[in-house]
2 protein chains.
Amino acid sequence: MKCPYCGYLKDKVIDSRERDDGLLIRRRRACLKCRKRFTTYEEIDLKPLVVVKKDGRREKFNRDKIRIGIQKACEKRPISIDKIDKIVEEVEKDIRQRYEDEVTSKEIGQLVIKKLKKLDKVAYIRFASVYQEFDNINQFLKEIEKIGGKNV
Amino acid sequence: MKCPYCGYLKDKVIDSRERDDGLLIRRRRACLKCRKRFTTYEEIDLKPLVVVKKDGRREKFNRDKIRIGIQKACEKRPISIDKIDKIVEEVEKDIRQRYEDEVTSKEIGQLVIKKLKKLDKVAYIRFASVYQEFDNINQFLKEIEKIGGKNV
DNA sequence: ATTTCATTTTCAATATATAGTATTTTATAA
DNA sequence: TTATAAAATACTATATATTGAAAATGAAAT
């Protein structure tokens, strides 16, 4: 691999450890020219995941679409980008570890909602109302009551 | 590595190729249980990159911050998420291949501007005006003229 | 200052991956 | 549709990575 310090193309692996969950191999390598060391990670190439939308159309899974939805719900809320990243990451992980080739957009929405609920009630309500995931209007109203019915 | 099909933890590498640029090793592996095949990629662990902001403060590089800026500039414009992704990816690649540990937010902005300019004039103007990267007001006005001065 | 926890380093025997060459299939662009 | 590029398959001799255990280092906490 190309040394990130001097750009030389030859190196040797001096250590290699697989994580217990089998999802990652960390290798420690040393450049054969400058002798400096660096780390690499080997990961499985994710199988293409297809999202089935409400109207039945299918499209490639794209985590950025999830991110955009969450961002909108979090506008003007005190939620850092890192927090949003974490949710997106968790949602993707949850979906992928089901080992299915397809997910419905509804399932994705529900996962996001579950996580937003823990993080920020306002963002949660905004997101949930867009995705119409409330079982009924009462549940929706109860949630609004909880947060005082403001800033939604 | 954990088989993405059956979850078994043992497998063997049946092929391994390094890309010419030395930035990636692609391995083809076969699960020792279900015999199914899958692909893995090994990449160098990126050195932490620090962004130096205009006021001198430093923060960890986060590609999503770039994405958000571009998204805002592209609002209501006919630009797909994939296109935005591509810009973000290219910008990050450009920055990282300089092998520096730090970048100024101005440099990042300029890279984004260069790429948006080719893609969509309106988004370009919006982004550039936010980042105040025009050398002078005349240049700004000229650009607005070019696109008819509307929808900015 | 000392303990704890995580990361890094070392070492050596042996199992395992690699690279060269070539054909085939699949995906993407023209 | 055709052209082009990218990814997958196959096979084999040989070079290279892996693994366990233990010690060293560095950072954070007491």
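Chain letters run A, B, ... following the sequence lines, proteins first, then strands; residues in each count from 1. What you see below is based on every heavy atom in this structure, not just the backbone, and it leaves out hydrogens, waters and symmetry mates.
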Can you find a side chain N or O atom of Arg17(B) that sits less than 4.0 Å from OP1 or OP2 on dG20(C)?
no

Nucleotide [N], atom [atom2] - distance to [atom1] of [X] in whole Å:
X        : N       : atom1 : atom2 : value
Glu18(A) : dT19(D) : CD    : P     : 7 Å
Glu42(B) : dA17(C) : CD    : C1'   : 12 Å
Asp20(B) : dG20(C) : CG    : P     : 11 Å
Arg37(B) : dT9(D)  : CZ    : C1'   : 6 Å
Arg28(B) : dA19(C) : CZ    : C1'   : 18 Å
Ile25(B) : dA19(C) : CD1   : P     : 8 Å
Asp15(B) : dA10(D) : CG    : C1'   : 9 Å
Lys36(A) : dT8(C)  : NZ    : C1'   : 17 Å

Among Arg29(B), Arg17(B), Arg19(B), Arg27(B), which residue satisfies the salt bridge (Lys or Arg N to Asp or Glu O under 4.0 Å) criterion with Glu42(B)?
Arg27(B)

Applying a 4.0 Å non-hydrogen cut-off, can you work out what Arg19(B) is touching in the nucleic acid: base, sugar-phosphate, or nothing?
nothing

Answer with base, sugar-phosphate or nothing: what part of the nucleic acid does Arg27(B) contact at a heavy-atom distance below 4.0 Å?
sugar-phosphate

Between Ser16(B) and Thr39(A), the residue closer to the 5' end of DNA chain C by nearest nucleotide is Thr39(A)

Less than 4.0 Å between a side-chain N and a carboxylate O, is that true for Glu89(B) and Lys93(B)?
no

Under 4.0 Å between a Lys/Arg side-chain N and an Asp/Glu carboxylate O for Glu18(A) and Arg26(A)?
no

Starting at the 5' end of DNA chain D, which residue's closest nucleotide do you reach first, Arg29(A) or Tyr41(B)?
Tyr41(B)

According to a 4.5 Å side-chain heavy-atom criterion applied to Ile, Leu, Val, Met, Phe, Trp and Tyr, with indirect links allowed, do Leu116(A) and Ile68(B) form part of one hydrophobic cluster?
no

From the set dA17(D), dA19(C), dT19(D), return the single nucleotide nearest to any side-chain atom of Val13(A).
dA17(D)

Spacing of Thr39(A) atom OG1 and Glu43(B) atom CD [to the nearest 0.5 Å]
13.5 Å

